[in-house]
Amino acid sequence: MAPVTHDLVIVANRLPVDRETLPSGRKVWRRSPGGLVTAIEPVMRTHGGGVWIGWPGGAGQKLKPFEDDGLSLVPMSMSQDEIEGHYEGFSNATLWPLYHDLVAKPEFHREWWDEYVKVNRRFAEKAAELAAKNATVWVHDYQLQLVPQMLRDLRPDLRIGFYLHIPFPPAELFQQLPWRRQLLEGLLGADLVGFQLPEAAANFVRLVRQRVGHKTHRDLVYLPDGRTVRAAAFPISIDSAGFEELARSGQVVQRAKEIREALGNPRRIFLGIDRLDYTKGIYARLRAFSELMRDGHLDVEDAVFVQVAVPSREQVEQYRILRDDIERLVGRINGDLGRIGRPAISYLHTSYPRDEMAALYRAADIMVVTPYRDGMNLVAKEYVACRVEEDGALVLSEFAGAAEELKQAWLVNPYDINGMKSALLDAYAAEPKELTRRMRAMRKTISQHDVKAWAASFMTELEDVGGHTKNPRPATRS
Ligand code: G6P
């Protein structure tokens with residue numbers, strides 16, 4: 001029997017739910033971590049009728065397509081070798097650090113690349129099988145950069161969009177990659193390649209000109225076969241109204257109160273919520289906070305730092321090292337500065353559902369988001385959406401994509417510990433009027449640019465550029 005085909009196919013490395021095996025051996029579904037799922041899920045819901053292809057986590061899980069909460073999901077199994085080579089290796093120990101400013105040293109291994117190619121091919125074949133004639137296929141993120149061209153070879157009738165959720169590095173870094181040309185050519189299979197920020201799109205176009213030799217003009221690439229590819233920025237966002245509604249719900253208000261009480265009703269609660277990732281700058285931020293306590297600017301009776309570290313990529317060595325480093329630091333800080341019933345840092349190595357996150361955002365006076373490099377950072381936007389009383393302070397790294405929009409945050413350079421200390425203190429001491437002025441402006445920004453607007457602008461552009469007609473070749477090209 002021929003498979004049912006769809007007009008919209010989402011292809012991402014992960015499904016929105018992750019199949020986990022508990023220590024008892026029982027298998028459960030959990031919501032997948034990270035910003036990608038947070039953003040795409042509401043898009044799929046508004047486009048009812050599409051299908052989402054992705055990995056359900058774990059090795060060798062052969063699962064049939066299924067519906068989850070109204071979404072049509074098609075699980076792609078991965079073997080242990082594919083997990084090690086494609087996911088933990090090439091995606092997360094080569095591309096991830098390379099695309100994040102070399103915050104950690106990327107490793108280059110030919111066997112990892114081979115697995116990456118293999119997995120990309122399987123995803124492309126599955127998308128080709130499930131897409132209806134002239135359907136739209138939207139491919140997501142760095143784990144699947146070869147899919148657009150592989151898919152175009154199989155199905156030239158499709159309209160193909162690609163979106164990179166993480167930063168795209170400058171040419172000086174990207175060209176270290178032994179497979180730089182293949183990746184660029186893979187992406188050029190798309191009609192539209194979307195990035196978080198305009199500089200990323202410009203980096204891509206420059207690299208295509210230099211390394212592949214295609215003609216380009218501004219944000220357009222002209223391929224020898226007559227096709228035009230557009231590269232542009234589409235800063236991603238969140239379901240602002242959904243978060244706001246959740247934050248206003250009686251249950252979340254009550255839970256926020258309980259959280260404050262459980263922490264001993266301190267004057268100020270600082271909050272960090274991040275995947276436990278070395279790009280997030282967790283270590284430096286905790287040091288900055290602890291130094292403020294050690295130096296007497298803050299007192300453990302008045303302030304506490306709640307750090308939620310969401311488990312992530314635990315088989316990758318750099319992530320294990322990071323976890324050990326952070327947990328040692330938290331232990332040392334609490335040992336030095338805490339008192340009975342009053343730790344300086346309340347550290348939680350876990351992930352929470354959306355309503356608990358909303359309660360934490362409501363409970364926290366100062367949200368601290370200090371990545372060394374981050375494509376966007378949706379946690380910063382979620383915090384703003386949940387501050388329905390127009391209070392609370394956001395301390396935000398200049399190197400998060402979100403800083404381009406949330407300009408009224410206390411912006412910091414995460415490499416500058418003293419600078420972070422003074423921003424934390426300023427936010428701690430800010431007058432209510434000042435907090436409201438800043439928060440009101442940021443709330444306006446995110447209510448206007450929510451995830452629906454993001455998806456709609458990407459889809460509209462994809463329709464325009466995919467027709468090949470809207471952008472005739474200019475007479476002069478750079
Ligand atoms: C980031 C990436 C996503 C990824 C997520 C979680 O948000 O952009 O592609 O899915 O992190 O990471 P994981 O490795 O658990 O999928």
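Counting starts at 1 for both ligands and their atoms, in listed order.
Looking from atom 7 (O) of ligand 1 to the surrounding protein, the closest heavy atom is Gly35 N, 3.3 Å. With respect to atom 6 (C) of ligand 1, the closest heavy atom belonging to the protein is Pro33 O, 3.4 Å. Of the protein's non-hydrogen atoms, the one nearest atom 2 (C) of ligand 1 is Asp141 OD2, 3.3 Å.
Between Phe168 and Phe204, the ring-plane angle classifies as perpendicular under the 30° and 60° cut-offs.
Salt bridge status for Asp374 with Lys280: present, with a side-chain N to carboxylate O gap under 4.0 Å. Under a 4.0 Å N-O distance rule, the pair Arg230/Glu461 qualifies as a salt bridge. Taking a cutoff of 4.0 Å between a charged side-chain nitrogen and a carboxylate oxygen, Arg387 and Asp365 do not qualify as a salt bridge.
Numbered from 1 in the order shown, with element, the atoms of ligand 1 that lie under 4.0 Å from a heavy atom of Gln143 read 9 (O). Less than 4.0 angstrom separates some heavy atom of Ile166 from each of these atoms of ligand 1: 8 (O). Close contacts of ligand 1 with Leu36, meaning ligand atoms under 4.0 Å from a residue heavy atom, involve 3 (C), 7 (O), 9 (O). Within the listing of ligand 1, atoms 13 (P), 15 (O), 16 (O) sit less than 4.0 angstrom from a heavy atom of Arg14.
Geometrically, Arg159 does not engage Trp138 in a cation-pi contact, judged by NZ or CZ lying under 6.0 Å from the ring centre and within 45° of the ring axis. Geometric assessment of Arg110 against the ring of Trp179 yields a negative cation-pi assignment under the 6.0 Å and 45° thresholds. A cation-pi arrangement is found for Arg354 relative to Phe243, the charged atom lying closer than 6.0 Å to the ring centre and inside a 45° cone about the ring normal.
With a 4.0 Å heavy-atom cut-off, ligand 1 is reached by no atom of His140.
No donor-acceptor pair closer than 3.5 Å links the side chain of Gln145 to the backbone N or O of Asp141.
At under 3.5 Å, a nitrogen or oxygen of Arg313, whether backbone or side chain, sits near a nitrogen or oxygen of ligand 1. Checked against a 3.5 angstrom limit, the closest N/O atoms of Tyr87 and ligand 1 fall inside it. Of the polar atoms of Tyr142, none of the N or O atoms is found under 3.5 Å from an N or O of ligand 1, judged by distance alone. Of the N or O atoms in Trp96, none lie within a sub-3.5 Å distance of an N or O in ligand 1.
Here Trp96 and His100 bring their ring centres to under 6.0 angstrom of each other.
Look at Asn13 and you'll find every heavy atom at least 4.0 Å from all atoms of ligand 1.
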